[in-house]
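Taking it in order: structure first as structure tokens, then the write-up.
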Amino acid sequence: MIGLVDCNSFYVSCERVFQPRLRGVPVGVMSNNDGCVIALSNELKSLGIKMGTPAFELQHLVRQGRIHLLSSNYELYGDMSQRVQAVLEEFAPAVEPYSIDEMFIRFEGFTQTQLLEHARQLHHKVRQFTGIPVCVGVAPSRTLAKLANRAAKKIPAYGGVCVLQPGSEETQTLLEKLALGDVWGVGRRLVERLALIGIKSAWDLAKANPKRLRRQFSVTLERTALELRGISCIEMSDFLEPRQRIMTSRSFGKLTDDLAEIREAMRQHGQRGAEKLRHQRSLARAVLVFLKTNPFRTDLPQYSPSLAVELPRPTDDSREILHAAGEALQRIYRQGYLYQKGGVMLLDLIDADRQQLSLLDTPQSDTERQRSAKLMGVMDELNHRMGRGTVKFGTPSPGAAWHLRCAHRSARWTTRWDELPVVPMG
């Protein structure tokens, strides 16, 4: 059996762990640059506020004290996610993170009664040890586990825990009520195409002929149909393949035409992209840099250039990537424009363990690669142990225009186990 643990209103819940005064009141977390609401508490949803609502439209409610809006604090959320995973690892033989707030777990060797009790205990312990409320869905396949988790979250009678068995009346009822567009992996366009052949619900898809689905659509849809029947045929490795390109970008805190500030931003994006590259053990063959003006400011001239620069050799060395990014930026930058956003994309990635050496390589080239690997490894280790950005190339200017707006970010609490405050949850 496979379980899916989903943290409820995760970003808001993380803030509430350290700010108990926010419990029971309408709270929202804003996107980068405090642009729009990306996470909402149930209390905020009950006011009719939707995901993606621009933050400026809610400022009158903030001033009245009716709602609380916080800037995003992704370092806190990432650390709290690791705490949740650590608790889950004590209750399950394998934990497979799917996103920052969702994790698949494997349950083996339990009877149905034992499984339900174990899932309920896990549901309680995660809240007790981390302060994060979760819902637990358990089923023989990942797609059905998604459905079970959805039921646990939306149907109060389940109490946050739902265990589904394939072919049961309970499972059929839930599938009949589940819209096709709410099935994991079924997008809007696919819903429209399936409707043409009479498949309009999750139950219809589960009953459909898998071979026909494969011929008319894809092997992925065939697997989804089998998963809805309780036949496990989707592995997490299907989702964890190394990315073929890595992009790091962000809107600037305000419009800017200052080349020095933009260069600082590109340097930070390039370093972050190189860290991601090394993390998945890949090398990049090219670097692309882009800039964008604000398309909604029709009163301003528009210019959105991009340029890719080929690297001399496949690399994950931050210094070589930053040099190429700086060269590309210098070539595309034009005065007279106010830029809203910029980014760095690493292209044409290859596996670091399968690098093909050049005929022109010498023993000195191999020595340089080893020195580079050691230097980057030390940087990554220090940044992992002491916080991102502890060691970096260049020092960002405080208050630069490209820095994110985050006027309502919570305090930078540590989430190291030995420094966490005691938060009794009952």
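Other residues, nucleotides and ligands contribute only 12 or fewer heavy atoms inside 6.0 Å of the CD atom of Glu310.
Leu226 CG to Leu221 CG: the interatomic distance, rounded to the nearest 0.5 Å, is 10.0 Å. To the nearest 0.5 Å, atoms CG (Asp34) and CG (Leu70) are separated by 9.5 Å. In this structure, Leu194 CG and Ser201 OG are separated by 10.5 Å, a value rounded to the nearest 0.5 Å. With rounding to the nearest 0.5 angstrom, the CE atom of Met30 is 4.0 Å from the OG atom of Ser71. Between the CD atom in Glu43 and the CZ atom in Arg23 there is a gap of 12.0 Å [rounded to 0.5 Å]. Atom OG1 of Thr248 is separated from atom CZ of Arg272 by 7.0 Å, given to the nearest 0.5 angstrom.
At least one cation-pi condition fails for Arg193 and Phe217: the charged atom is not both under 6.0 angstrom from the six-membered ring centre and inside a 45 degree cone around its axis.
Of all the heavy atoms in Cys233 and Arg223, the pair that sits closest is SG-O, 3.4 Å. Of all non-hydrogen atoms in Asp101 and Ser99, the two that sit nearest each other are OD1-OG, 2.9 Å. Scanning both residues, Ala284 and Leu311, for their nearest heavy atoms gives O-CD1, 3.3 Å. The two residues Val138 and Ala119 make their nearest non-hydrogen contact at CG2-CB, 4.3 Å. Nearest approach of Trp184 to Tyr98, heavy atoms of both residues: NE1-OH, 3.0 Å.
Using a cut-off of 4.0 Å between Lys/Arg side-chain N and Asp/Glu carboxylate O, Arg106 and Glu96 are scored as salt-bridged. Between Arg189 and Glu192, no side-chain nitrogen of the basic residue sits less than 4.0 Å from a carboxylate oxygen of the acidic one, so the salt-bridge criterion is not met. The residues Glu102 and Lys146 are annotated as salt-bridged, a charged nitrogen and a carboxylate oxygen being separated by less than 4.0 angstrom.
In terms of the side chain to side chain donor-acceptor pair (under 3.5 Å) criterion, residue partners of Arg278 (sequence neighbours excluded) are, by chain and number, Ser318, Asp380.
For residues 294-320, the ring pair (Phe, Tyr, Trp, His ring centres under 6.0 Å) pairs, not counting sequence neighbours, are Tyr303-Tyr337. The list of side-chain hydrogen bond (donor to acceptor under 3.5 Å, both in side chains) pairs with a residue in residues 5-14, not counting sequence neighbours, reads Asp6-Lys153.
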- Given Asp204 and Leu180, is the side chain to side chain contact (heavy atoms under 4.5 Å, CB included) satisfied, shown in steps? CA-CA 9 Å; Asp204 294 335; Leu180 196 56; over 6 Å; no
- Item | Stepwise side chain to side chain contact (heavy atoms under 4.5 Å, CB included) test for Ile132 and Cys14 | CA-CA 7 Å; Ile132 303 296; Cys14 289; 4.1 Å; yes
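In summary, of the residues considered (Val12, Val29, Ile49), a side-chain contact (heavy atoms from CB on, under 4.5 Å) with Leu40 occurs for Ile49 alone.
Taking the side chain as every heavy atom from C-beta outward, Cys7 and Met80 never approach each other to under 4.5 Å.
At a cut-off of 3.5 Å, with distance as the only test, a side-chain donor of Gln85 or Glu89 sits close to an acceptor on the other residue.
The aromatic rings of Tyr333 and Tyr339 sit tilted relative to each other, their planes meeting at an angle between 30° and 60°.
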